[in-house]
Amino acid sequence: MDIVTAHDRPNTTAEAIEIQETLRGLVDREDRCPQQILTVTGLDVAYDEGSGLIAAAAVTLDTTDFRVVEKRTVVSEVSFPYEPGLFAFRELPPLLDALRALDHSPDLLVCDGHGLAHPRRFGLACHVGVVTGLPTLGVGKTRFIGKHGEPGRERGAKEPLVDDGEVVGMVLRTQDDVKPVYVSVGHKISLDNACRQVLRLSPAFRQPETTRQADRLCRAALKEAS
DNA sequence: GCGACAG
DNA sequence: ATCTTGTCGC
């Protein structure tokens with residue numbers, strides 16, 4: 001798929017934050033998803049301490065039967081340190097390489113990290129969305145910012161994630177009696193639709209099938225490379 | 001000033 | 001993210 005936009009790789013924390021402050025203005029909070037979301041691409045990354053290698057995976061699934069339509073993995077060298085709030089700069093390069101290798105553009109991208117639920121309202125999911133121009137949503141496994149109540153114990157139960165008086169995401173239970181996930185808008189999608197899609201993509205486990213597939217693939221790719 | 005802090 | 005023992009349940 002085509003990815004036109006690009007920005008220089010930041011060399012300092014200040015530069016990275018500057019880029020985020022600029023790009024966050026490009027986030028589209030309107031829902032521009034097609035009526036029928038038929039294909040969804042899951043993204044994930046795996047690391048290797050010793051070799052300094054990073055593997056990224058992009059897996060596109062058919063949402064009607066969860067079958068793999070396309071999949072790509074890329075292995076490269078880590079180019080940015082992990083820092084809470086800036087980890088998109090670490091994972092974005094390999095993720096974009098994997099996305100570029102796909103033959104077809106999906107209807108939606110699911111990222112393993114937060115979107116608007118970020119201190120500057122520009123988490124990985126937003127960054128990926130702005131750069132690709134595609135609808136994106138973020139699914140975090142742990143809280144980053146915001147406060148929330150405890151959602152009911154049944155699948156589908158949810159509680160708003162609020163930060164500084166703003167609803168930045170939703171704490172959503174994807175399976176009965178399982179720890180909830182943190183869903184937030186990335187780009188071109190409403191929070192309500194994002195939750196609906198995450199639930200639809202999580203028929204049996206805590207995390208969406210897209211994320212599970214991507215996770216499995218990048219781990220395998222990393223293992224081969226190292 | 002003191003914690004908290006996506007993956 | 002990754003490491004890592006035992007334990008619970010199908």
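Just so we're on the same page: letters track the sequence lines, and every chain starts at 1.
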Do the non-hydrogen side-chain atoms of A/T39 and A/H104 ever get within less than 4.5 Å of each other? no
Does some side-chain heavy atom of A/V40 sit less than 4.5 Å from a side-chain heavy atom of A/L109? no
Please state whether the rings of A/H127 and A/F122 are parallel, tilted or perpendicular, taking 30° and 60° as the class boundaries. tilted
Send over the distance from [X] [atom1] to [N] [atom2], rounded to a whole Å.
{"X": "A/L161", "N": "B/dA6", "atom1": "CG", "atom2": "P", "result": "13 Å"}
{"X": "A/I54", "N": "C/dT2", "atom1": "CD1", "atom2": "C1'", "result": "13 Å"}
{"X": "A/L53", "N": "C/dT2", "atom1": "CG", "atom2": "P", "result": "13 Å"}
{"X": "A/Y182", "N": "B/dC5", "atom1": "OH", "atom2": "C1'", "result": "13 Å"}
{"X": "A/I145", "N": "B/dG7", "atom1": "CD1", "atom2": "P", "result": "13 Å"}
{"X": "A/L86", "N": "B/dA4", "atom1": "CG", "atom2": "P", "result": "20 Å"}
{"X": "A/E83", "N": "C/dA1", "atom1": "CD", "atom2": "P", "result": "19 Å"}
{"X": "A/E49", "N": "C/dC3", "atom1": "CD", "atom2": "C1'", "result": "9 Å"}

For [X], answer base if it contacts any base atom (sugar-phosphate contacts may also be present), sugar-phosphate if it contacts only those atoms, and nothing otherwise; contact means non-hydrogen atoms under 4.0 Å.
{"X": "A/D48", "result": "nothing"}
{"X": "A/A117", "result": "nothing"}
{"X": "A/G138", "result": "nothing"}

Between A/Y82 and B/dG7, do the rings stack, that is, sit under 5.5 Å apart with planes less than 30° off each other? yes
pi-stack flag for A/F87 and B/dG7, centroid dist under 5.5 Å, interplanar under 30°: no
A/K141 side-chain N/O to B/dA6 phosphate OP1/OP2 under 4.0 Å: no
Under 3.5 Å, is there a donor-acceptor pair between the A/S51 and A/D48 side chains? yes
Between A/R120 and A/Q20, is there a side-chain donor-acceptor contact under 3.5 Å, judged purely by atom types and distance? yes
Taking only the side-chain heavy atoms of A/R143 (C-beta and beyond), determine which of B/dA4, B/dG7, B/dA6 contains the nearest atom. B/dA4
